[in-house]
Peer 1: 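Quick one: the structure is below, and I'll ask about it shortly.
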Amino acid sequence: MKLRDFILRRMILAIPVIFGVLVITWFLAFQVGDPAAMYINENTPQSAIESIRKAHGLDEPPHIQFILYLTNLFQGNWGESTSTSFRPVLEVIALKFPATIELAMLAMFFAIILGIPLGIISATKKDTVVDHFTRVFSLAGVSMPIFWFALMLKYVFYYQLAIMGLPHLPGSFRYDDLMFPDFKYTTGFLLFDSIVFEHNPRLFLDALAHLAMPAFCLGYLTLAIITRMMRSSMLEVMREDYITLARSKGLSERVVIYKHALRNALIPTVTVIGLAFGGLMTGAVLTETIFSWPGLGTWAARAILNSDLAAINGFTLLVALIFVTSNLIVDLVYGTLDPRIRYG
Amino acid sequence: MADTKDLVLEVHGLKTNFYTYEGVVKALDGVELFLRRGDTMGLVGETGCGKSVTARSILRLVEPPGRVEEGEILFREIDPKTGEVNAVDILQLDEDEMLHIRGGKIAIVFQDPSTFPNPVFRIGDQIAEVILLHQDMKHDVLEMKINKLERILNMNPPPVNVSEIVAHLEQLRSMRGNPPEPDEKAKKKAAKWRAIEMLKLVRMPSPESVVNQYPHELSGGMRQRALIAMALACNPSILICDEATTALDVTVQAQVLNLLNQLKKEIGTSIIIITHDMGVVAETCNWVAVMYAGTTVETCATDELFANPLHPYTEGLLHAVPKLHEERERLPQIPGSVPNLIHPPSGCRFHPRCDFATEICKTEKPKLEEVQPDHWVACHHPRI
Ligand SMILES: Nc1ncnc2c1ncn2[C@@H]1O[C@H](COP(=O)(O)OP(=O)(O)OP(=O)(O)O)[C@@H](O)[C@H]1O
Ligand code: SF4
Ligand SMILES: [Mg+2]
């Protein structure tokens, strides 16, 4: 019951946050462009423009328009994405969401799987070659611009390998549609669909190959952040008195590190992981664009270029919702790791 | 000195240094200790004189930048089967053998109950962990089963199948001489059961619920009891209490000290109590070692020390203890301050503060010698 109350309260507290995001993005968008511009061309008569404005409520004063926007949001009408053949924003999101989530999950998966052990090894082998290498590797991760890194990856593993006639990684899209012309998405999660609905391991492997570069590129920053956080919190925890106590019990160094220290060191790392997940959504805009990934990021980038205001607002709102949700999940995980945290 | 077979622990010429940026801190320089089986020894001295470093050196728990440089730490164990006494030098053991000694043979209770338990594990699991590590659980699993059946028999109303249970109980009891190898799950359960028994032993209030609680849910005194339970869980031959009671308020402190003395009788552990409180020593210890700036300056029976201190430093230390019948404006102090251990004084480390110092004290370090029967002093001019 306590847990349910906690989740409920957190959801209520999220309302002002989401409202703030809505206010800021909508009014910024309002300043930037005129939504009516997308519906007209140089041949549209003046009277038609007026009626288009009226039809979309664009002749009202700003605050009325904003309230109209909110009412529509609640009714599930997030507007039309003018740069995607005027399809409803929610429909486009539903269509493209799986591609982005699959990419983000894989990026996150490999960032966690690599980052936590790297951080531990780096801390326990402090000031050795392994540690120096890991530190350079993670420093590069946090300081390299993602778009530059994406281009470099593509240049080496796609372009250079390809012109040398070597096997190379695919540089764009989710799968090879010449090899699998009959494939149709069921859930939109390609790795899942290929195994569960298509029973096609070759398609699965092809999808993995397509995911490799974009996922690594997107996850590298997160990997670097996790490694650095894990290293520093591990170093800190190893100096704690309870580690001395664990040693004084006669526990082997392995148990001291992987049981007594790790559990404590994971607590701050989990926070960082949660925050980074929201960051992956924004990183996806750059990564997806460079790897022509048919997901939300590419769509958002095109929307920005085309002043597709409804799409931009929709994307921003979605990212805000993902941030709020991942923070809530972090707090729940936190509670299972640290008994001192009480939901109340 | 008495027969060495009676000594469960002997420390000779122990030196420990810390390699810091400011220089080499010569924290221990020739510590000598003798602990008789069944004794409670007080290890006293001013703050910073190296009491904790001594305790950690004995368990080889000195962490970098510190290092035990030289010395001998003889640990004598009685073989339970043959009654023979085997001596090992702890400093010569390899790390695997050391894991066996830590927690199993020599256990330690640390200074601060608020930072030493691991905050993310239940008290019971932290106690069970050390039990599972050092004890083969055969007997415990069997005892746990017997205990459970006995409880069922004593239930009110009595169970229906009494005769069956009694038969089963008899069968289990007959296995006591040679208990069967239990499975992992039974071991874990038995360890938890033992943890509750340990908590009962240290007079923890409501032990059944405390095993499932986390350290932050307990008071300081309860936490300290839990740490003592953890240390005693494997019936160690030696228990070192490093200021185990300093962080507690006076009443709890008295309770814990009483408890230690009772436990000593129940389990037969030899105890080292580290403290800078001479009152605690007078009440609980029958033997004392006085340390000054990393060396043992005097060691003898407690009564003897209070009646007849031979080292100038001990004399000053005892004068610093207020006596009830004396009325004094201020407590007397030993003039001067604790020496810098990076550049310690030459010869006797106490000479800059000593009223009896002569030339030889500045150049030659005095050895710990048996000046009177069973009374050891390291001083060129003992106060006989
Ligand atoms: N990690 C360390 N680095 C450098 N010097 C240290 C370290 N630990 C201890 N020392 C030095 O060793 C000396 C002895 O310290 P120790 O903790 O044993 O004192 P103590 O007698 O236990 O004092 P207290 O009564 O305050 O607990 C001190 O002078 C201290 O400067
Ligand atoms: S050896 Fe000399 S300086 Fe040291 S305590 Fe004895 S008399 Fe004092
Ligand atoms: Mg100390």
Side-chain angles (χ1 to χ4, degrees), chain A residues 2-3 116 120 122-128 131 229-231 233-271 273 330-344, chain B residues 52 55-56 58-64 93 95-123 125-135 212-217 223 226-227 230-234 236 239-240 242 247:
Chain A
K2 255 184 169 171
L3 190 63
I116 289 179
I120 297 173
S122 190
T124 51
K125 304 237 185 304
K126 188 170 178 283
D127 293 329
T128 62
D131 180 33
M229 192 67 212
M230 198 62 211
R231 178 178 183 274
S233 66
M234 201 70 189
L235 283 176
E236 200 167 299
V237 164
M238 290 303 284
R239 278 198 298 269
E240 292 284 345
D241 284 340
Y242 49 76
I243 297 302
T244 310
L245 178 75
R247 290 202 176 110
S248 82
K249 286 176 169 180
L251 295 171
S252 66
E253 202 56 20
R254 204 172 45 86
V255 178
V256 171
I257 292 171
Y258 289 96
K259 184 174 170 195
H260 284 262
L262 181 60
R263 177 85 176 265
N264 284 282
L266 273 178
I267 295 168
T269 311
V270 162
T271 317
I273 291 176
V330 163
D331 283 350
L332 294 176
V333 175
Y334 220 84
T336 64
L337 282 175
D338 189 348
R340 285 163 294 186
I341 308 252
R342 282 278 152 268
Y343 303 116
Chain B
S52 301
R56 286 177 187 232
I58 291 172
L59 279 167
R60 298 224 326 238
L61 284 173
V62 179
E63 270 154 45
L93 296 179
E95 191 53 28
D96 279 349
E97 292 169 314
M98 204 54 222
L99 293 183
H100 216 63
I101 296 226
R102 282 189 207 122
K105 307 278 169 63
I106 306 181
I108 182 165
V109 182
F110 290 102
Q111 196 153 353
D112 188 351
S114 60
T115 58
F116 276 97
N118 194 326
V120 301
F121 295 111
R122 292 173 205 277
I123 295 290
D125 293 336
Q126 296 194 45
I127 300 174
E129 181 180 44
V130 64
I131 297 174
L132 281 170
L133 191 66
H134 293 292
Q135 309 228 307
N212 289 319
Q213 282 179 313
Y214 291 97
H216 71 275
E217 294 169 319
R223 251 181 264 173
L227 285 175
M230 228 175 273
L232 289 174
C234 300
L239 176 70
I240 304 177
D242 187 356

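Lettering follows sequence order; numbering is per chain, from 1.
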Peer 1: Taking every non-hydrogen pair under 4.5 Å, which of A:Ile267, A:Leu251, A:Asp338 racks up the most with chain B?
Peer 2: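 Counting heavy-atom pairs under 4.5 Å, the top option is A:Leu251.
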Peer 1: Tell me, side chain or backbone of B:Met230 under 4.5 Å from chain A's heavy atoms, or both, or neither?
Peer 2: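 Side chain only.
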Peer 1: Do the side chains of A:Arg231 and A:Ile120 get nearer than 4.5 Å, heavy atoms only?
Peer 2: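 With C-beta onward as the side chain, the pair stays apart.
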Peer 1: When you compare the side chain of B:Ile101 with that of B:Arg60, does any pair of heavy atoms fall below 4.5 Å?
Peer 2: no
Peer 1: Between A:Glu240, A:Arg340, A:Arg263, which has the largest tally of heavy atom pairs under 4.5 Å with chain B?
Peer 2: A:Arg340
Peer 1: Based on non-hydrogen pairs under 4.5 Å, which of B:Leu59, B:Thr115, B:Val130 is most in contact with chain A?
Peer 2: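 If we count pairs closer than 4.5 Å to chain A, B:Thr115 comes out on top.
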Peer 1: Would you say A:Val237 and A:Tyr242 make side-chain contact, with heavy atoms under 4.5 Å?
Peer 2: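 A side-chain contact under 4.5 Å exists here.
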Peer 1: Is it the backbone or the side chain of B:Phe110 that comes under 4.5 Å from a heavy atom of chain A, or both, or neither?
Peer 2: side chain
Peer 1: Is there a side-chain contact between A:Lys126 and A:Met238 (heavy atoms, below 4.5 Å)?
Peer 2: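 No; the side chains remain at least 4.5 Å from each other.
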Peer 1: Quick one: of B:Asp96, B:Leu61, B:Leu99, who has the most non-hydrogen atom pairs under 4.5 Å with chain A?
Peer 2: B:Leu99
Peer 1: Is it the side chain or the backbone of B:His100 that comes within 4.5 Å of chain A heavy atoms, both, or neither?
Peer 2: neither
Peer 1: State whether the side chain of B:Arg122 and the backbone N or O of B:Asn212 hold a donor-acceptor pair below 3.5 Å, judged by distance alone.
Peer 2: yes
Peer 1: Should the pair B:Arg102-B:Glu95 be classified as a salt bridge under the 4.0 Å nitrogen-to-oxygen rule?
Peer 2: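 Salt bridge: yes.
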Peer 1: Heavy-atom cut-off 4.5 Å, strictly under: side chain, backbone, both or neither for B:Pro117 against chain A?
Peer 2: backbone
